[in-house]
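Remarks on the structure that follows.
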Amino acid sequence: MVEAVFSLEHLAVGIKDASYEGCFDPACRSSQPGNLCAVFEGRADQSLLLCAAANAAKAGAHYELCIGAEGNTSVWLRRNGREVARAPARLCRGDAHVQYWVTVSGGKFCFGTGWEMGRGTVLTFQDPSPLPVDFFGFSSGRRPADYRSITVGYIEDPIAFNPENPKLAFATLDGDGAGAGASGGASAAEEGGGDGGGADDGAGGAVIRSTADEDAEALRHYQEVCRKAKERADRFGVPYVPPAPSKALPWSVAKRLQQNITGNAMPSAAGQPGFDTESAEAKEKMAARADRFGMDT
């Protein structure tokens with residue numbers, strides 16, 4: 001199961017030329033060093049750069065991933081500045097956001113496309129001497145980059161975690177044991193196999209899907225999470241409470257579904273802990289991030 005600890009709706013990065021100055025948010029941090037994961041969308045002609053570091057800077061121990069290297073013909077991974085893995089792939093788009101995921105667990109670095117971690121894997125690297133990374137930073141090369149729908153977290157059970165397990169989205173359990181599962185929290189890890197869904201534009205397997213397709217798949221996934229949570233509630237004889245959509249889906253996807261889908265398919269954000277974007281605290285955090293990254297609120 002994956003615990004989300006940070007989310008950011010939008011991050012615009014100018015031409016950084018591989019610099020990460022100002023690109024680390026102190027809150028974008030896992031509480032378990034060496035155990036880190038993220039799903040996000042990125043748009044750039046080439047060179048989307050992501051750094052998993054042991055502190056809020058590129059200095060010190062770090063892994064650096066470049067998506068769309070060498071004119072958008074490959075993906076490479078560097079460990080403390082030395083290249084350790086490379087894969088040929090055309091994954092960047094300058095005219096559309098592409099969905100990506102990254103996991104670092106048990107010394108294994110995995111990267112792929114789509115918002116379901118473990119599907120559409122593009123590159124993997126097993127580090128014999130794992131680095132204690134716990135921060136993510138997002139940057140760019142010689143072209144501006146636009147990131148959105150960023151969700152960062154950690155894997156609660158890294159020993160049991162299997163990066164090839166499909167449909168491993170962000171989820172959380174409120175508490176532990178039978179009562180916790182029945183209270184509405186639900187693991188999004190499900191049994192299944194196969195390659196990632198969605199349209200393939202031929203660009204090295206990049207998943208480019210319409211919003212309608214993404215929403216339909218996300219809704220099916222959320223309804224399955226609800227079904228399992230209800231089964232647990234019935235099994236332990238406790239009241240069923242629908243899981244908060246933000247706990248089972250990327251934050252921006254859950255928000256969009258709640259805005260666009262009526263009826264009982266999606267519960268309202270009202271009363272869902274951790275999802276009140278209109279609270280004074282949430283507005284203060286959004287304003288602070290907008291000021292830090294020079295964005296409009």
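Side chains included, hydrogens not; waters and symmetry mates left out as well; all remaining heavy atoms used.
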Decide yes or no on side-chain contact (heavy atoms from CB on, under 4.5 Å) for Met117 and Val39, but give the supporting numbers first. CA-CA 8 Å; Met117 289 179 283; Val39 290; 3.8 Å; yes
Check step by step if side-chain contact (heavy atoms from CB on, under 4.5 Å) holds for Val98 and Glu41. CA-CA 5 Å; Val98 183; Glu41 297 181 355; over 6 Å; no
Candidate list Leu50, Leu48, Leu49, test side-chain contact (heavy atoms from CB on, under 4.5 Å), partner Phe138, passing option: Leu50
side-chain contact (heavy atoms from CB on, under 4.5 Å) partner of Tyr100, the single match among Val75, Leu65, Leu91: Leu91
Test item: Arg82 and Val84 side chains (from C-beta on) under 4.5 Å apart, heavy atoms: yes
Close side-chain approach of Phe111 to Ile67, heavy-atom, < 4.5 Å: yes
Taking NZ, NE, NH1 and NH2 as the nitrogens, is one of them in Glu231 or Lys228 under 4.0 Å from a carboxylate oxygen of the other? no
Is there a side-chain contact (heavy atoms from CB on, under 4.5 Å) between Arg43 and Arg93 once you walk through the steps? CA-CA 6 Å; Arg43 185 184 70 194; Arg93 288 281 297 266; 5.6 Å; no
Examine the side chains of Asp127 and Tyr63 and answer whether a donor and an acceptor come within less than 3.5 Å of each other. yes
Would Arg148 and Leu11 count as a side-chain contact (heavy atoms from CB on, under 4.5 Å) if you check the C-alpha gap in whole Å, the side-chain angles of each, and the deciding distance to 0.1 Å? CA-CA 6 Å; Arg148 70 182 188 187; Leu11 172 63; over 6 Å; no
Hey, is Arg86 close enough to Glu70 for a salt bridge, meaning N to O under 4.0 Å? yes
Using the test salt bridge (Lys or Arg N to Asp or Glu O under 4.0 Å), find all partners of Asp146 that sit at least two apart in sequence or belong to another chain. none
For Phe125 together with Phe109, are the ring centres under 6.0 Å from each other? no
Side chains of Leu77 and Glu83 in contact at under 4.5 Å (non-hydrogen atoms): no
Using only atom types and a distance under 3.5 Å, with no angle test, would you say the side chain of Asp45 pairs donor to acceptor with the backbone of Cys92? no
Does any part of the side chain of Phe136, heavy atoms only, come nearer than 4.5 Å to the side chain of Leu36, both counted from C-beta? yes
